[in-house]
There are 2 protein chains.
Amino acid sequence: MKYRIGILDDHPVVVKGLQDVLLKHGHQVVWTSNSVTDAMAKSAIQVDIIFSDIQLPDGDGIHYCKEILSVNKHVKVIGFSSFSDGSFIRNMIRNGAVGYLLKESDESLVLESIEKVMAGEQVIDPKIKEVFLETQLGIKKNDVSLTRRESEILKLIADGLSTKEIADRLFLSIKTVEAHRSNLMLKMDAKNMAHLIAVAFDRGLI
Amino acid sequence: MKYRIGILDDHPVVVKGLQDVLLKHGHQVVWTSNSVTDAMAKSAIQVDIIFSDIQLPDGDGIHYCKEILSVNKHVKVIGFSSFSDGSFIRNMIRNGAVGYLLKESDESLVLESIEKVMAGEQVIDPKIKEVFLETQLGIKKNDVSLTRRESEILKLIADGLSTKEIADRLFLSIKTVEAHRSNLMLKMDAKNMAHLIAVAFDRGLI
DNA sequence: TTGATAATCAGGGAAAACCCTTAAAAATTA
DNA sequence: TAATTTTTAAGGGTTTTCCCTGATTATCAA
């Protein structure tokens, strides 16, 4: 199937390259644009898919995504950027994008993604999946080593249990639990319990 | 290629099932075990791959993994459990496991994974990858929508700032910051600040 | 313009967290 | 066995969080 496609990117080279790939395979590139304002002005033009960069001169693809979907809720927006930054991708998806590809993707991935997206599937670049998986697995950096008791208590803290509740659960004195909490904060260089949990998540300890 | 395999699991049905699959395809199951102690006693038996459950009667697969690798660092340990709990998987991998499969995996996945693992690759059950990806993307249930001020303050809390510090930073009254904290806890159904941060990470809000 | 939502702030009190020192079993490791 | 680490625990004090009620001012959409 051949589709009507719009491209929003402020890098002429990227626009040209993507356009060539799409045209070569019979798709119609009905508009290209280098700014959010301009792209919104073209929102009346019917398209099936929009490829949108994240960083644009007058805004970002994330807000554009939300806006264009409020005008035309049937269009499939695919984030198209060189950033594999998680927060960009998350926000793009949250704002309604159905896919996110990296600019270094090869032709076949772009073409496959068009088919998948039009079939109602969500598409995330496999490279991003790998990065996400590694983050989840905490392969990054894991210098602090916690004792068995410490990680046990850490998990209970993350579950929202107070010192007293943890003490009751583990049949320990409140003072003992307090000692472990202090050690956790010391080891992980945390200022308080909220910070401790944030650090623990960052280091993949939870 | 056919390999020598050990199985550590305290569920006889699982052991039987896995063993049948492996034997049917020509692999050798050189030992099976239902406890960590017993499995360690069999550590002298040369194996290529060990399938290990997470929860065992006398310990857990995570510590077993570490121990067996200190004895035989060339063995490939594959976590094999019905838990898709992230922390188990993370810890298993951190302790040297090269793979993690779910018990509901079908035969072909198990067999493919054996080949991949022996080829030096890491194997994670695709179902887990999906869960991880969804967590990363915050797709799960992202029903809570925070206001601008709330997410601003949430981030500062995660950075370890106290109510007073946040108030100073944002030129607000302590009471205002307290109000926002209360609303955050209410919205995210958190019992205290530590829990709030944990929930926020879970939902991909940080 | 009129609700609804968001953001601001107050007082007061109970509970929990935080910080300090000190120390003795218990378990591991060398 | 000796040395080290872990786990246990106390006393006592300061600070912060947490919870309640109540209220005024912006902001934004219908």
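Owing to the predicted nature of the structure, the values given are computational and were not obtained by experimental measurement. We name chains A, B, ... by the order of the sequence lines, and we start the count at 1 in each one.
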Q. Does the distance from a Lys or Arg side-chain N to an Asp or Glu carboxylate O, for A/K155 and A/D159, drop under 4.0 Å?
A. no
Q: Would you kindly give the CG-to-P distance between B/L146 and C/dT5, to the nearest whole Å?
A: 16 Å
Q: Please report, rounded to the nearest Å, how far the C1' atom of C/dA7 is from the CD1 atom of B/I166.
A: 15 Å
Q) Is the shortest side-chain N to carboxylate O distance from B/E178 to B/R181 below 4.0 Å? A) no
Q: Looking only at non-hydrogen atoms, find the nearest pair between B/Q46 and B/V30 and report the distance.
A: O-CG2, 4.1 Å
Q: To the nearest Å, give me how far apart CD (B/E165) and C1' (D/dT16) are.
A: 11 Å
Q) Which letter, B, S or -, goes with each nucleotide of nucleotides 22-30 of chain C from 5' to 3', with contact meaning a protein heavy atom under 4.0 Å? A) ---------
Q) When the distance from CG of A/L156 to P of C/dA16 is rounded to whole Å, what number comes out? A) 16 Å
Q.
Assess whether a salt bridge exists between B/D9 and B/K103, defined as any Lys/Arg side-chain N lying under 4.0 Å from an Asp/Glu carboxylate O.
A. yes
(Q) Is there a side-chain contact between A/V199 and A/L196 in this structure, where contact means two heavy atoms from C-beta onward sitting under 4.5 Å apart? (A) no
Q: Mark yes or no for whether B/N192, through its side chain, and B/A194, through its backbone, hold a donor-acceptor pair below 3.5 Å.
A: yes
Q. Would the number of heavy atoms belonging to other residues, nucleotides or ligands and lying under 6.0 Å from NZ of A/K2 be above 12?
A. yes
Please enumerate all protein N or O atoms sitting under 3.5 Å from an N or O of nucleotides 9-15 of chain C, with distances to 0.1 Å.
unit_1	atom_1	unit_2	atom_2	d
C/dC9	OP2	B/S173	N	2.8
C/dC9	OP2	B/T176	OG1	2.9
C/dC9	O5'	B/T176	OG1	3.2
C/dA10	OP2	B/S173	OG	2.9
C/dG11	N7	B/K175	NZ	3.1
C/dG11	O6	B/K175	NZ	3.0
C/dG12	O6	B/K175	NZ	2.4

**Q.** N-O pairing of B/E152 and B/R149 below 4.0 Å
**A.** yes
Q) Do B/S105 and B/D125 have side-chain N/O donor and acceptor atoms under 3.5 Å apart? A) yes
Q: In plain terms, say whether A/K42 and A/D38 are close enough for a salt bridge, that is, a side-chain N and a carboxylate O under 4.0 Å apart.
A: yes
(Q) Please tell me if B/T147 has a side-chain N or O lying less than 4.0 Å from either OP1 or OP2 of C/dA7. (A) yes
Q) So, does A/D53 use its side chain to make a donor-acceptor pair with the main chain of A/S81 at under 3.5 Å? A) no
Q | Side chain of B/H180 (C-beta onward), nearest among D/dT17, C/dA7, D/dC19 | A | C/dA7
**Q.** Listed once per pair and sorted, the ring pair (Phe, Tyr, Trp, His ring centres under 6.0 Å) pairs that draw on residues 177-206 of chain A, sequence neighbours left out
**A.** A/F201-B/F201
Q.
Expressed as a whole number of angstroms, how long is the span from B/R149:CZ to C/dT8:C1'?
A. 9 Å
Q.
With a 6.0 Å cut-off (strictly less than), is the heavy-atom count around NZ of A/K164, excluding the residue itself, greater than 12?
A. no
Q: Could you identify which residues of residues 189-197 of chain B place a heavy atom less than 4.0 Å from some atom of DNA chain D, listed by residue number, or say none?
A: B/N192, B/M193
Q) Using the C1' atoms of the five pairs at each end, what is the angle between the end axes of the helix from C/dT1-D/dA30 to C/dA30-D/dT1, to 10°? A) 70°
(Q) Rounded to whole Å, please give me the gap between CZ in A/R181 and P in D/dT15. (A) 19 Å
Q) What is the distance from NZ of A/K164 to C1' of D/dT17, rounded to the nearest Å? A) 18 Å
Q. Whole Å only: how far is the CG atom of A/N183 from the P atom of C/dT21?
A. 14 Å
Q. What pairs with B/F80 under ring pair (Phe, Tyr, Trp, His ring centres under 6.0 Å), at least two apart in sequence or on another chain?
A. B/F51
